[in-house]
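Only one structure is covered here, and it is reproduced in the block below.
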Amino acid sequence: MDTAQASEANMTSLFGLVDCNNFYASCERVFNPALNGKAVVVLSNNDGCVIARSNEAKALGIQMGEPFFKIRNLVEHNYVHAFSSNYVLYGDMSDRVMQTLSQFTPHVEVYSIDECFLDLGDFYDIDLFSYAWNIKKTVGQWTGIPVSLGVAPTKALAKVANKLAKKSKKANGVLVLTEPYHIQKALEATKIEDVWGVGSQYATFLKKHNIHTALDFSIASENWVRKHMTVVGVRLLKELRGESCLELEEITPPKKGICTSRSFGTKLTKLDDVLEATASYAARCAKKLRSQKSCARLITVFVQTNRYSENDRQYYNSKTICMPVATNSDIELIHYATLALKAIYKPNYFYKKSGVIVTEIIPENHIQYDLLDTVDRDKHSRLMKVMDGLTDRFGRSKVMVAAQGVNKDWILRSDYKSPCYTTRIAELPVVSNLI
DNA sequence: TCTGGGGTCCTAGGACCC
DNA sequence: TCTGGGGTCCTAGGACCC
């Protein structure tokens with residue numbers, strides 16, 4: 001946005017930020033009301049660490065990212081209810097929340113699975129507080145998910161408002177910041193490390209320079225900020241001063257890199273096992289590419305051992321292959337992922353994780369074909385369509401390329417998973433030798 | 001025993017070209 | 001012997017987000 005546009009936007013810009021409270025934990029509660037008032041945590045893949053906590057779990061002192069084994073005692077004594085992550089459920093609940101929000105303004109930006117920016121620029125003249133409160137109430141009634149809502153003239157200020165809305169008992173989940181005096185008070189009450197865009201590195205640096213709150217930062221010199229925090233810092237500075245620099249991004253641009261990686265449920269040493277896992281990740285990348293109608297030219301595979309086991313020999317390596325023609329076919333990506341993995345695999349290591357990254361992504365209708373190409377791309381594309389159709393209907397892992405394996409020794413551990421309450425998964429026998 | 005996964009943007013510096 | 005300078009592209013690394 002240029003300066004003229006920006007200053008024009010400033011006349012009326014107004015953003016809402018809706019954030020689902022403790023989202024994954026709240027999703028688990030919607031379908032299991034007995035959990036209300038109880039400490040609930042949701043675990044990362046492999047039930048490794050805590051990635052979501054209800055307020056009661058926070059009150060027990062459980063930290064974000066805490067390894068699960070450290071709180072196993074609490075779980076066993078029933079003080080805490082733990083769930084493996086159930087992304088199908090959370091994705092579906094997220095869709096419902098976003099659908100509900102779009103009833104209130106046509107211009108929404110789905111910022112993450114549990115956050116959404118709203119353009120409220122047309123609503124300056126109405127009673128913003130009632131409107132905001134109505135949004136919160138409606139989402140609660142229609143989806144069962146509690147949300148907090150901050151409203152302010154810029155995205156960064158809406159973030160500030162949202163955080164305070166959640167924290168303050170008085171605000172009770174809704175805070176509208178339009179008056180300069182209120183904005184100033186809010187900035188004063190916001191610690192610098194809680195500002196959107198200030199991570200741990202910058203927070204430490206800024207505190208060293210006596211900047212402890214968002215207000216301190218907002219009165220720093222622009223040149224000083226540019227010098228130490230690049231143009232990104234300057235944008236933040238302006239946003240906190242009320243000058244809108246970040247627009248609402250309603251259309252999600254296609255991703256420039258797509259990565260699928262997982263830690264294995266157990267340590268793997270055999271090439272075949274690592275191959276099966278890696279092939280599955282390649283297929284996931286292919287599916288993600290197809291869903292955004294893209295193809296990729298580069299594929300990178302990496303493997304690593306468990307960096308926490310001090311007694312094991314450590315190994316990390318990666319290999320990138322430039323494919324002759326950009327593709328989004330399971331079969332081709334698995335083929336090249338296999339080649340890449342074989343190039344870096346070394347026997348006698350305990351592998352804990354592998355991953356597939358695809359880059360140099362282009363729209364699928366912009367592919368440059370190779371004269372010497374021997375792949376029947378039409379056939380692949382038709383096959384992938386059929387497979388996607390089956391996957392969408394019957395769920396993942398029902399149809400796959402044989403290289404992905406059926407033994408799945410590497411599969412994720414997920415001992416505490418709730419049912420997929422909202423999406424029916426029909427039963428269908430595994431078809432493994434389709435190709 | 002057990003420690004997540006998937007993204008974005010910006011900058012500095014080197015290579016290369018004319 | 002003298003040893004320019006501007007532009008572009010690429011990459012690695014560092015910061016951030018959820």
Side-chain angles (χ1 to χ4, degrees), chain A residues 17-20 22-24 41-52 62-73 75-76 82-87 90-91 94 109-117 155-156 159 162-163 192-206 225-236 245-246 249 252-267 277 281 284-285 288-289 292 298 300 302 304-312 318 320 322 350 352-361 412-416:
Chain A
L17 175 64
V18 178
D19 186 319
C20 301
N22 315 324
F23 182 53
Y24 298 167
V41 299
V42 176
L43 306 172
S44 64
N45 282 332
N46 281 317
D47 298 336
C49 55
V50 172
I51 54 170
I62 297 169
Q63 298 297 310
M64 187 72 173
E66 189 151 353
F68 180 46
F69 66 86
K70 292 190 178 169
I71 62 161
R72 189 155 281 170
N73 243 334
V75 174
E76 276 163 9
F83 292 89
S84 305
S85 37
N86 183 344
Y87 291 107
Y90 310 150
S94 174
E109 173 186 340
V110 177
Y111 179 68
S112 73
I113 194 163
D114 69 338
E115 278 181 56
C116 185
F117 282 106
K155 281 181 158 184
K159 275 271 186 185
N162 184 287
K163 215 154 213 162
I192 190 64
E193 61 266 34
D194 291 338
V195 173
W196 187 39
V198 177
S200 62
Q201 302 296 311
Y202 282 146
T204 306
F205 171 80
L206 289 168
V225 170
R226 186 187 317 271
K227 184 169 160 207
H228 294 105
M229 299 174 70
T230 80
V231 297
V232 181
V234 174
R235 218 146 46 204
L236 176 61
C245 304
L246 301 167
E249 289 171 32
T252 318
K255 290 187 186 356
K256 297 168 182 170
I258 288 173
C259 170
T260 306
S261 76
R262 299 276 185 283
S263 295
F264 308 135
T266 55
K267 292 180 193 172
Y281 305 156
R284 292 296 302 278
C285 285
K288 292 177 193 173
L289 282 168
Q292 67 165 31
L298 292 184
T300 302
F302 69 86
Q304 69 187 54
T305 48
N306 186 348
R307 62 187 199 277
Y308 297 102
S309 335
E310 288 172 11
N311 297 328
D312 294 345
S318 72
T320 300
C322 179
F350 294 118
K352 183 59 182 166
K353 183 177 186 176
S354 77
V356 176
I357 304 162
V358 291
T359 47
E360 284 209 0
I361 290 174
L412 294 175
R413 204 165 38 237
S414 171
D415 294 337
Y416 309 92

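Sequence lines set the chain letters: A, B, ... in the order given, protein chains first and strands last, and positions in each chain run from 1. Note that the coordinates shown come from a computational prediction; the quantities given were computed from them, not determined experimentally.
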K267(A) and D312(A) ion-paired at < 4.0 Å: yes
Classify V50(A) by what it touches in the nucleic acid, base, sugar-phosphate, or nothing, heavy-atom distance under 4.0 Å. nothing
Using a heavy-atom cut-off of 4.0 Å across all strands, would you classify S84(A) as base, sugar-phosphate, or nothing? nothing
If you look at every strand shown and take non-hydrogen atoms under 4.0 Å, does R226(A) touch a base, only sugar-phosphate, or nothing? nothing
Examine F117(A) together with Y111(A) and report whether their ring centres are nearer than 6.0 Å. yes
Give one of base, sugar-phosphate or nothing for S85(A), where a contact means two heavy atoms less than 4.0 Å apart. nothing
E66(A) near the nucleic acid: base, sugar-phosphate alone, or nothing, with a heavy-atom cut-off under 4.0 Å? nothing
Describe the nucleic acid contact of G355(A) in one word from base, sugar-phosphate, nothing, applying a heavy-atom distance below 4.0 Å. nothing
Answer with yes or no after comparing the ring centroid distance for F68(A) and Y416(A) against a 6.0 Å cut-off, counting only values under it. yes
Within the structure shown, what part of the strands sits under 4.0 Å from D47(A) by heavy-atom distance: base, sugar-phosphate, or nothing? nothing
Would you say the side-chain atoms of Q292(A) pair up with the backbone N or O of K255(A), donor to acceptor, closer than 3.5 Å? yes
Reading DNA chain C 5' to 3', how would its secondary structure be written in dot-bracket notation, given Watson-Crick and G-U pairs with both distances under 3.5 Å, brackets [ ] for crossing pairs and | for partners on other strands? ....||||||||||||||
Determine, for E360(A) against K256(A), whether the closest basic-nitrogen to carboxylate-oxygen distance falls under 4.0 angstrom. no
Look at the side chain of N46(A) and the backbone N and O of G48(A), then say whether any donor-acceptor pair between them is shorter than 3.5 Å. no
Are the side chain of S309(A) and the backbone of N311(A) linked by a donor-acceptor contact shorter than 3.5 Å? no
Close side-chain approach of V358(A) to L298(A), heavy-atom, < 4.5 Å: no
Step through it carefully: locate the ring centre of W196(A), locate the ring centre of Y202(A), and say whether they are under 6.0 Å apart. no
Can you tell me, in whole Å, how much space there is between the P of dC2(B) and that of dC18(C)? 30 Å
Pairwise 5' ranking along DNA chain B for R235(A) and N46(A), keeping only the more 5' one: N46(A)
Within the 4.0 Å heavy-atom criterion, would you say K70(A) contacts the bases, only the backbone, or no part of the nucleic acid? nothing
When R307(A) and P253(A) are each assigned the nearest nucleotide of DNA chain B, the 5'-most assignment goes to R307(A)
Which part of the nucleic acid, if any, lies within contact of I113(A), taking any heavy atom under 4.0 Å across all strands shown: a base, the sugar-phosphate backbone alone, or nothing? nothing
Contacted region of DNA chain C by chain A, from 5' end to 3' end of the hits, cut-off under 4.0 Å to heavy atoms, spans dA15(C) to dC18(C)
